[in-house]
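The block underneath contains the structure these notes are about, expressed in structure tokens.
Everything numeric here is computed off the predicted structure, so don't read it as measured data.
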Amino acid sequence: MISSGVAGDPESCINAVKLHEATGVDQVQFLMATETIGHEQVMKSIELFGKHVIPAFK
């Protein structure tokens with residue numbers, strides 16, 4: 001298992017996941033540091049990921 005960070009705005013996340021995909025990765029697991037980030041920010045991140053990043057891989 002390789003651990004690598006994916007962070008930033010939706011475009012940055014899409015590009016990072018595409019780099020992994022190009023090497024043959026077919027599954028990713030996303031975790032958020034919810035103990036250090038406020039609930040509202042976590043919810044905003046989840047919303048952005050669902051609206052912009054996930055659809056880029058359908």
_Within 6.0 angstrom of Q27 CD, more than 12 heavy atoms from elsewhere_ =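 No.
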(message) Test of understanding: clusters of I, L, V, M, F, W, Y form through side-chain heavy atoms closer than 4.5 Å, transitively. Do L19 and V25 belong to the same one?
(response)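 No, L19 and V25 fall in different hydrophobic clusters.
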For S12, check side chain to side chain donor-acceptor pair (under 3.5 Å) against everything at least two apart and list the hits.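 Here the qualifying residues are D9.
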Any residue meeting side-chain contact (heavy atoms from CB on, under 4.5 Å) with V53, in chain and number order, not counting sequence neighbours
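Only P10, C13, I14, F49, F57 meet the side-chain contact (heavy atoms from CB on, under 4.5 Å) criterion with V53.
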Output all residues satisfying side-chain contact (heavy atoms from CB on, under 4.5 Å) with V42, sequence neighbours left out; order by chain, then residue number.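 Once residues adjacent in sequence are excluded, the partners of V42 under the side-chain contact (heavy atoms from CB on, under 4.5 Å) criterion are M32, T34, I37, I46.
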Could you give the distance from CD (E47) to NE2 (H52), rounded to the nearest 0.5 Å?
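One finds 8.0 Å between CD of E47 and NE2 of H52.
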